[in-house]
Amino acid sequence: MIHEKLLKDLNPPQREAVCHKEGPLLVLAGAGSGKTRVLTHRIAYLARVHKVKPGRMLALTFTNKAAGEMKSRLQSLLADNTGLWIGTFHSMFARILRREAEYLGYAAHFSIYDTDDSQRLIKKIIKELPAEFGNLKPSSVQQGISRYKNDLRSAEEIKAHAVNPIERKVAQVYPEYQKQLKDNNAMDFDDLILKPMELFRAHPEVLERYRSRFSHVLIDEYQDTNRAQYNLVRALVDEHQNICVVGDDDQSIYGWRGADIRNILEFERDFEGVTTIRLEQNYRSTGNILDVAHAVVSRNTGRKPKKLWTEKPVGARPVILESIHELDEAEQIVMQSSAIRAQESITWREIAVLYRTNAQSRALEDAFRRASIPYRIIGGPRFYERKEIKDLLAYLKVIANPRDSNSLYRIINVPTRGIGPVTLSRLTSLANSRGESLYHILAEADQAEGLPDSIAGKVIDFHTMLEELRALSLTESASKVLTELIRLSGYEESLSELDTFEAQGRMDNIAELVGAAQEFSERFTPDNGATCLEAWMAETSLVSEIDFHDPEEDCVTLMTLHNAKGLEFPVVFIAGAEENLVPIVRAFEDTTGAALEEERRLFYVGITRAKERLFLSWAASRRRFSDILESGPSSFLRDIPEELIERHTSLTYRGASSRKLGFSFPGGRGSRPPIGAAPPILHPESTPLEKSSARPAAAGIIEPVFERDQGVDEPAYRKGERVVHNTFGSGTIVQVSPYLDDLKLSVRFDSGFTKKLMARFARLKRE
DNA sequence: CGGATTTAACTTTTT
DNA sequence: GTTAAATCCG
């Protein structure tokens, strides 16, 4: 029987969710409770048992990765899924928008702007506006407008309720921004949600088409939906109410992006006759890990009470790693990784290191590289956001969508071809006076006022080149257009002339982009008239690097906590579990406490990625920008009962024995015992602590001394100490900062100058 | 007027 | 350590 095959291996609540036939369904699925399983089995069950055609179902996710995972899992459950729409909110509605673009006065091949593109446009708009707009920061304006869009607030409404002059100004930029986006035949990410609503409101017959097409809508990660998405979905399902949402309020971590946690908390009020199913059995983590996770998240007030349970053994106790600074932390993580791999036959790919900010990846990366451990960083300075990639994509966007003046501005003089700001402003005024786009005016540059013939010639040459590429794009593949572009534009040539290490890196990135274009071109099949290039542009705007993550590759994975959502690893390290980092310092500015609760959920998400081993690591100091930031352990660590965890430390405690706690670097003196071989475990309550008089520590926070084991004959240096240097004479230490396995000292010498010295080489004597 | 060199600000998370 | 704006130079 079909039913049995689809239902076996499901627990009773999962089964209930899968079999539910009609009407609104809320599945509260805790971390690791098998929600993807429920969604895919439900789609298959609807198709095979309730005879719903796959083409009448719409499944929405937040990431391409989640969509891809669902698609691949469905393959074995439902052989024929033709017409089934599975994808991210953004890509599915972009698909609808391309089909219906003309209703909105757009062309089907509109550009999709990322945050950076939007900011460029906003910067330009601010310049064109009166001087009093000059104090607006493009990035904050962009964020503000994005927020207004997500919250469905109109410019008028904002103006009416503006609490400060800045908000009033942003409200004035907003409509101009929308107008220029349209002039550029471009939409930003938020428009991909907002415009379908406009479309449906203005053209009920179009809404009716999609309403009747999709008889069942399923949404993953419902806690991440914003108001706009809620309204959009609501418009689609209002008649039949066959909406199934899966989510977990404890994993809502995108509030800053406009996600409205109320959507999931109030689902039962928003729809009538809601069936609610709770999935509380966790199939991922050991008991101890779940207990730690619960200890953390249960401190939140705005949550639906629940507790995950597991049939798995309690497992190893999670470990708290304490380090002097981020280099030490990275070193500890590397050593623990190696030890675990050796002792528990774990592969590199089963280990993940998670952190709050991308900036933290550098120290970790260096440590893994030095240890010759393969690693892979997900996210970070994202591939598609690198300058050279964005430049080339801007070219391609112009070729696919010549009205995209914003992209044209970006590349008109990249590489430099003698078209500077003055020429550009002359061309722009000609375009404005004729009411044509910048691209079209390029061909008539010779008619621009005050433009010397020689320069006009360059402009026309540039236009001719783009026209050639455009012609090429109509018949040839995206990869062909790209390779020709790289050659004709002189982009590659200008880089190779630089002949620097950095330029080589950029060339490698370009080669990677060509590879991606080839890969796309090979799988491209023409549909509804789009060219290969147009289709590729549509896709690249909506993919992220994590989508290309190959789980087969035997590498340690490094990524942000946000990126880790939806993933799982046998061994998880959370690096930087410090106050001011997790939770991030800005969370304290929010007086409602909502931001702090979101930080706690983020930490919870990180913890629940772990299947067997969990390490929570914090460092007493951390290099940030050019100075050193000192902090104590995250307050979230204090929520964890001491008996659930172990501690490994390389901190030195004032008042503790002078014997340092087994910390050293490779090449240093002494060695750290491998884990499992009776590691030094330090319980703070058993350690005699002496409070520093300068900076009283909060209760329960260990006060570390920034000092490492220097060996017998190499004393540690302290700020304020008087020292003597062989050549420079005597002076005072004004700054001490750890650098690799040494200390970097700033010494102000009595002769008046300050010098930075490495402790190891300076050979300083005490005065 | 355009190109090159120097300076400054920057980092929370992302479709 | 990175990129865009500011300043300088040809």
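Order of the sequence lines sets the chain letters (A, B, ...), proteins ahead of strands, with each chain counted from 1.
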In this structure, how many angstroms lie between the [atom2] atom of [N] and the [atom1] atom of [X], rounded?
X      : N      : atom1 : atom2 : result
A/M559 : B/dT13 : CE    : P     : 15 Å
A/I378 : B/dT13 : CD1   : C1'   : 16 Å
A/L567 : B/dT14 : CG    : P     : 13 Å
A/R623 : B/dT11 : CZ    : C1'   : 16 Å
A/E365 : C/dG1  : CD    : C1'   : 12 Å
A/Y355 : B/dT14 : OH    : P     : 9 Å
A/N563 : B/dT14 : CG    : P     : 5 Å
A/L596 : B/dT13 : CG    : C1'   : 15 Å

Just need the stems in DNA chain C: three or more back-to-back Watson-Crick or G-U pairs, each with both distances under 3.5 angstrom, sorted by first number.
B:1-9 with C:2-10
Kindly indicate whether the side chain of [X], heavy atoms from C-beta on, has any atom under 4.5 Å from the side chain of [Y].
X      : Y      : answer
A/L442 : A/L408 : yes
A/L581 : A/Y355 : no
A/V233 : A/L60  : yes
A/Y254 : A/K565 : yes
A/L424 : A/Y409 : yes
A/L136 : A/I166 : yes

So which one's nearest nucleotide on DNA chain C is more toward 5', A/D116 or A/R362?
A/R362
ring centroid sep under 5.5 Å plus plane angle under 30, A/Y254 with B/dT13:
no
Does [X] have any salt bridge (Lys or Arg N to Asp or Glu O under 4.0 Å) partners at least two apart in sequence or in another chain, and if so, which?
X      : answer
A/R369 : A/E365, A/D366
A/E493 : none
A/E492 : none
A/E388 : A/R506

Measure all distances between protein nitrogen or oxygen atoms and nitrogen or oxygen atoms of nucleotides 5-7 of chain C, and list the pairs falling under 3.5 Å.
from, atom 1, to, atom 2, distance (Å)
C/dA5, OP1, A/K123, NZ, 2.5

Table of protein N/O atoms under 3.5 Å from nucleotides 2-9 of chain B N/O atoms:
from, atom 1, to, atom 2, distance (Å)
B/dG2, OP1, A/T423, OG1, 2.3
B/dG2, OP2, A/V422, N, 3.4
B/dG3, OP1, A/G418, N, 2.9
B/dG3, OP2, A/N413, ND2, 3.1

What does A/F62 touch in the nucleic acid at a heavy-atom separation under 4.0 angstrom: a base, only the sugar-phosphate, or nothing?
sugar-phosphate
Name the nucleic acid region contacted by A/R426, choosing base, sugar-phosphate or nothing; use a 4.0 angstrom heavy-atom cut-off, strictly under.
sugar-phosphate
Within the structure, does a side-chain N or O atom of [X] lie under 4.0 Å from either OP1 or OP2 of [N]?
X      : N      : result
A/N358 : B/dT14 : yes
A/T560 : B/dT14 : yes
A/R506 : C/dT3  : yes

Considering residues at least two apart in sequence or located in another chain, which fulfil the ring-ring contact (aromatic ring centres under 6.0 Å, His included) criterion with A/F62?
A/F89
Residue set satisfying ring-ring contact (aromatic ring centres under 6.0 Å, His included) with A/F462, at least two apart, ordered chain then number -> none
Measure all distances between protein nitrogen or oxygen atoms and nitrogen or oxygen atoms of nucleotides 8-10 of chain C, and list the pairs falling under 3.5 Å.
none

How would you list all residue pairs meeting side-chain hydrogen bond (donor to acceptor under 3.5 Å, both in side chains) that involve residues 447-461 of chain A, not counting sequence neighbours?
A/R434-A/Q447
A/F214 and A/Y210 aromatic ring geometry - parallel, tilted or perpendicular at 30°/60° bounds
parallel
Test: ring pair (Phe, Tyr, Trp, His ring centres under 6.0 Å). Region: residues 584-604 of chain A. Which pairs qualify, not counting sequence neighbours?
A/F603-A/F636
